[in-house]
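Some notes on the structure that comes next.
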Amino acid sequence: MPLLKPDSYTIDDIYTLPEGQRAELIRGQIYIMAPPNTIHQRISFAVSRVLADYIASENGSCEVFPAPFAVFLPGEEDAYLEPDISVICDKNKISDRGCEGAPDFVVEVVSPSSRKMDYATKMTLYSDAGVREYWIIDPARERTTMYYFEQDAAPVIVPFHYPAKVNLYEDLEITIADIIN
């Protein structure tokens with residue numbers, strides 16, 4: 001839910017929030033983030049681990065950054081996002097602030113309070129900014145919705161018990177049910 005203010009918030013306002021308060025700034029509105037529940041954390045950690053282990057085993061150059069990690073999207077001067085997982089392959093995008101540009105791969109784990117934001121607002125922002133791949137992992141529905149923006153195709157929806165193809169890599173699939181049990 002956004003905080004209400006008669007005018008727009010800026011990134012400076014994000015940095016003045018109380019210590020430990022997680023929030024995102026989208027189109028001038030601040031959205032306070034609820035603390036993640038156990039299943040959210042379990043999924044986020046497990047997927048981050050699988051991605052990082054795969055990249056390490058392949059001597060890859062991409063890096064995995066779990067939240068909290070700031071992402072500043074191109075063309076969105078008043079945007080500050082903290083995806084659950086960001087995979088960044090261009091080291092020039094990584095700064096002391098976070099990711100300065102579009103990550104290559106973004107994963108959001110849906111919570112009841114973030115459903116509309118993840119499926120609509122963020123999907124559009126990530127697509128427009130040049131994110132190559134975007135996953136929405138939905139524990140309540142036990143499915144993963146995958147957007148492969150470079151292919152300009154309809155999203156792929158995969159139940160947790162089936163392998164989900166990481167398009168960024170030729171031979172990586174993740175079966176959510178296998179890594180969270």
Side-chain angles (χ1 to χ4, degrees), residues 1-5 8-9 11 13-52 64-73 76 78-87 98-99 102-103 105-129 131-149 154-167 173-181:
M1 171 172 284
L3 293 178
L4 299 177
K5 183 178 174 182
S8 291
Y9 288 97
I11 290 174
D13 294 312
I14 287 286
Y15 288 118
T16 62
L17 290 173
E19 181 77 25
Q21 176 67 64
R22 290 191 54 216
E24 294 181 308
L25 176 68
I26 300 172
R27 298 188 178 118
Q29 293 298 309
I30 291 179
Y31 296 85
I32 301 298
M33 299 168 72
N37 63 23
T38 302
I39 190 65
H40 181 285
Q41 289 300 87
R42 186 174 287 133
I43 291 170
S44 185
F45 176 77
V47 172
S48 294
R49 185 180 60 220
V50 168
L51 290 167
V64 179
F65 292 92
F69 182 75
V71 170
F72 302 91
L73 296 175
E76 294 287 336
D78 286 331
Y80 172 98
L81 300 172
E82 287 188 4
D84 291 313
I85 303 168
S86 300
V87 178
C99 180
F105 181 22
V106 170
V107 177
E108 295 283 6
V109 180
V110 171
S111 60
S113 64
S114 72
R115 184 168 298 285
K116 182 178 178 184
M117 184 70 69
D118 292 337
Y119 279 101
T121 306
K122 287 185 181 180
M123 189 276 300
T124 301
L125 283 172
Y126 293 143
S127 174
D128 291 347
V131 169
R132 295 165 57 190
E133 184 168 350
Y134 175 46
W135 284 19
I136 303 170
I137 300 175
D138 193 331
R141 295 180 178 159
E142 294 188 358
R143 68 183 187 195
T144 303
T145 303
M146 300 168 297
Y147 296 87
Y148 304 122
F149 295 131
V156 176
I157 299 172
V158 176
F160 276 9
H161 287 86
Y162 290 91
K165 169 79 174 90
V166 178
N167 212 41
E173 295 180 333
I174 300 173
T175 303
I176 301 296
D178 290 350
I179 64 172
I180 61 171
N181 292 328

Donor-acceptor check, side chain of E173 to backbone of P163, threshold 3.5 angstrom: yes or no? no
With side-chain contact (heavy atoms from CB on, under 4.5 Å) as the test, pick out the partner of E108 among D84, I137, T145, L81. D84
Heavy-atom closest pair, residues I32 and A23: CD1-CB, 3.9 Å
Give, for atom CZ of R27 and atom CG of L25, the distance between the pair rounded to the nearest 0.5 Å. 11.0 Å
Minimal non-hydrogen separation, V131 against F149, with atom names: O-CD1, 3.1 Å
V158 side chain reached by K165 side chain, heavy atoms, under 4.5 Å: no
Rounded to the nearest 0.5 Å, what separation is found between the CG atom of D78 and the OH atom of Y9? 13.0 Å
Considering all heavy atoms, the nearest S44-I85 contact: O-CD1, 3.6 Å
When the ring planes of F105 and W135 are compared, do they come out parallel, tilted or perpendicular, using 30° and 60° as the limits? perpendicular
I'd like to check I26 versus M117 (side-chain heavy atoms, cut-off strictly below 4.5 Å). Are they in contact? yes
Classify the angle between the aromatic ring planes of Y147 and Y134 as parallel (below 30°), tilted (30 to 60°) or perpendicular (above 60°). parallel
I176 side, atom CD1; E142 side, atom CD - distance, nearest 0.5 Å: 11.0 Å
Can you confirm whether C99 sits close enough to S86 that some side-chain heavy atom of one is under 4.5 Å from a side-chain heavy atom of the other? no
Whether E24 side chain and E82 backbone form a donor-acceptor pair below 3.5 Å: yes
Q41 side chain near V109 side chain, heavy-atom distance below 4.5 Å: no
Rounded to the nearest 0.5 Å, how far apart are CD1 of I11 and CD1 of I30? 10.5 Å
Spell out, as yes or no, whether a donor-acceptor pair under 3.5 Å connects the side chain of S127 to the backbone of T124. no
Residue pairs, two or more places apart or on separate chains, that pass salt bridge (charged side-chain N to carboxylate O under 4.0 Å, His left out) and touch residues 37-51: none
Could you work out, with ring-ring contact (aromatic ring centres under 6.0 Å, His included) as the rule, every residue matching Y148, not counting sequence neighbours? none
Show your reasoning for whether side chain to side chain contact (heavy atoms under 4.5 Å, CB included) applies to I174 and I179. CA-CA 8 Å; I174 300 173; I179 64 172; 3.6 Å; yes
So, for L73 and A129, which heavy atoms are closest and what is the spacing to 0.1 Å? CD2-CB, 3.8 Å
If you apply the rule side chain to side chain contact (heavy atoms under 4.5 Å, CB included), what do you find for V107 with V87, and how did you get there? CA-CA 9 Å; V107 177; V87 178; over 6 Å; no
With a 4.5 Å heavy-atom cut-off, do P103 and F65 have their side chains touching? no
Roughly how far, to the nearest 0.5 Å, is CE of M33 from OG of S114? 8.0 Å
Rounded to the nearest 0.5 Å, what separates atom OG1 in T121 from atom CE in M123? 9.0 Å
